[in-house]
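Here the structure is laid out as structure tokens; the discussion comes afterwards.
Chain identifiers are assigned alphabetically (A, B, ...) following the order of the sequence lines, protein sequences preceding nucleic acid strands; residue numbering begins at 1 within each chain. In this text, all values refer to a predicted model and were calculated from it rather than measured experimentally.
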Number of protein chains: 2
Amino acid sequence: MTIQAGAPLPRRPATIKDVARELDISVATVSRALSKPHMLRPATVTRVREAVDRLGYRPNLVAQNLKLGSTGIVYVVIPALSPFFYDVFRGIERAALELGYSAIVAHTGRDPLREGEYFDQVACGRADGVLLVSTAQLEIEPPHKHTLPPTVMVLESHGHKNFPAVRVDHVVAATQATNHLLELGHRRIAHITGNVRAPMSVKRREGFVAAMAAAGIKNAEENCVPGEFTPEAGQAAMETLLQRPVLPTAVFCSSDEIAVGAIRAIRAAGLRVPDDISIIGYEDQRLSRIYDPQITTVHVPTFDIGYQAMVKLRRILAREQYEHDVVLPTHVFIRQTTAPPKKA
Amino acid sequence: MTIQAGAPLPRRPATIKDVARELDISVATVSRALSKPHMLRPATVTRVREAVDRLGYRPNLVAQNLKLGSTGIVYVVIPALSPFFYDVFRGIERAALELGYSAIVAHTGRDPLREGEYFDQVACGRADGVLLVSTAQLEIEPPHKHTLPPTVMVLESHGHKNFPAVRVDHVVAATQATNHLLELGHRRIAHITGNVRAPMSVKRREGFVAAMAAAGIKNAEENCVPGEFTPEAGQAAMETLLQRPVLPTAVFCSSDEIAVGAIRAIRAAGLRVPDDISIIGYEDQRLSRIYDPQITTVHVPTFDIGYQAMVKLRRILAREQYEHDVVLPTHVFIRQTTAPPKKA
DNA sequence: TTGAAAGCGGTACCAG
DNA sequence: CTGGTACCGCTTTCAA
């Protein structure tokens, strides 16, 4: 076990002045050699480059930001690190790369305080804008009202602030899921919701109930059982459902993770998916493809959402025109967990 | 569809000067009222606070950083956003919170260039240090040699640079996994490796071969089939294994995702896990608990690794003593995919 | 207790 | 083509 003494930090980094002094030229020249080489005599540029190498000089970005007033960074603020978020982030990142930005993930753990902090950081010049990825209720603290940075909502729209958004319509998507089940011939369809405090959960339930009503099935509310966005909650909710005197032939789960839990419960009860009960998930997480059986689910175009959100943020920053609210379409991806109901 | 005109960005944020002018006092006083109120007459402090509120003033962090020379931010640089990374990050975050830092995720997509860029950003004052989470081979570009920022490696040690690290010993861990199988009575044990370019893959294989040799089974190399860290690769590798004239009774998979693929292949062949073939994974990803059956795996203490890495980085930044290389223990978590071999 | 001013490390304008 | 210098917004001596 090697104990490291309070080791010296890397020595003071070279500054532009060091380079200027080394070459006995002005800092202005050094600065130009680096950012606008075409303005200088090639020989000068070369000398500067060499000195820069020799001294290991790197421009201090903080100073650069301060002077320029922009950072080329956007904060991607997310409530929770979830697999669902991957693809969204990939889309953001792709666009950021193309547009010359760095996208940095700021995780809040659903803590409104930290969310506020990150907004502050951005408002205070640490980044140029924020992409607010929402999968749950958001609370942006009032203190920031004066100086909210350029923001676009990703996945959701925001209840209170009227931020520009790139999102999907959960009501429509839930309707699609329900219709898929209906079209297979199911009538006794149950729904396991996500965390009811999350607006998306209530919208999905809303879509479910509406689709059922449109098919002539009233009081579908009674077929809804409250859950959370975890396999454990899905399992518990499915167990409740399995106790009822009359079993559903299909279940619309508010997320893929819930679906995984539901399937486990069904199997534990000695029943089979989809033979006895069909299951449809939501989100099209990687999990739904990996799982055995592969889960039929509502695909949310996460990559595109991320991509377009970043593009929109750029337009805002560049003061170009943009569409305030963009809604992307969802689709049902049919895989192995849905089938027509068994003939009784 | 509402087209938003090139909307005005939030108006120029108030600066410390605005506040000073508003109150007809000096900027120094404003600065002090905010950071060292005890130095001022309480009345002054109050007046300043009010003006700050009124104008919506927030100190510009960039300017503050420039002056103070530190940011309170650490970059968590990761090659790929993976579930495995979650818990590591949670640990980092917990420690960061306790120590008064913000941990920001910088994703490189395994692109050495971007990795270099982030290092630069930090070296150039955008953050105080970096936690380099490695799940694969890393290439830090030479140009940064002069001014590498304070860095600690997380999960791995670095082949070339001798960064301080908090990690596990993959050779030992692989030995544990293999021994578990051996102790159950298995002798025909196969191993599906991860991407062979990743050092961790070769270490795991090394541990496997060593454990087999120690049990008197020579040439275990022949039981190794190359894969990648994905379910698809795991499935393909397992299919290869299933073609062999004599089947293994157990398979040590280099990751949980590989295990998932292997299980799929086994089932597709009409065999059962663990009745016909036992499977052990590695990493203890969330997936291994969610999956049905739950996967026996080697637990890597991801949260602790993250936590301790952040603590170490703080010590480095504070110029305190620290242990250069910290190795945390791993354990086999026995779940549902391993059992004694069938009596033939 | 408060103010004036230097300076953090750059960039860009204005001269020459 | 190059140098001098003001300035970005803030903190912190040094004086008053």
What are the bounds, 5' to 3', of the part of DNA chain C that sits under 4.0 Å from heavy atoms of chain A?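 Listed 5' to 3', the contact boundaries are C:dC8 to C:dC13.
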Which atom pairs, donor and acceptor, lie under 3.5 Å between side-chain atoms of residues 93-102 of chain A and protein residues at least two apart or in another chain?
unit_1   : atom_1 : unit_2   : atom_2 : d
A:Glu93  : OE1    : B:His107 : ND1    : 2.8
A:Glu93  : OE2    : B:His107 : ND1    : 2.7
A:Glu93  : OE2    : B:Arg114 : NH2    : 2.6
A:Glu98  : OE1    : A:Tyr307 : OH     : 2.4
A:Ser102 : OG     : B:Gln121 : NE2    : 3.4

Between B:Arg314 and B:Glu320 (salt bridge meaning N to carboxylate O under 4.0 Å), is one present in this structure?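 Yes, this pair counts.
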Would you say A:Ser31's side chain and A:Val27's backbone share a donor-acceptor pair under 3.5 angstrom?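 Pair absent, no side-chain N/O of A:Ser31 close to backbone of A:Val27.
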Output yes when a side-chain donor or acceptor of B:Asp128 lies under 3.5 Å from a complementary backbone atom of B:Thr71, and no otherwise.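 Such a contact is found between B:Asp128 side chain and B:Thr71 backbone.
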Once each nucleotide of nucleotides 8-16 of chain D is scored for protein heavy atoms under 4.0 Å, what B/S/- sequence comes out, 5' to 3'? BBBBBB---
Of A:Ile16, A:Val19, A:Asp18, A:Leu23, which is the lone residue that meets side chain to side chain contact (heavy atoms under 4.5 Å, CB included) with A:Val52?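 Considering A:Ile16, A:Val19, A:Asp18, A:Leu23, a side chain to side chain contact (heavy atoms under 4.5 Å, CB included) with A:Val52 is found only for A:Val19.
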With A:Tyr75, which of A:Val105, A:Leu131, A:Val122, A:Leu132 fulfils side chain to side chain contact (heavy atoms under 4.5 Å, CB included)?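 So, applying the side chain to side chain contact (heavy atoms under 4.5 Å, CB included) to A:Tyr75 and each of A:Val105, A:Leu131, A:Val122, A:Leu132, only A:Val122 qualifies.
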Rounded at 0.5 Å granularity, tell me how far OG1 in B:Thr151 sits from CZ in B:Phe163.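 So the gap between those two atoms works out to 4.5 Å.
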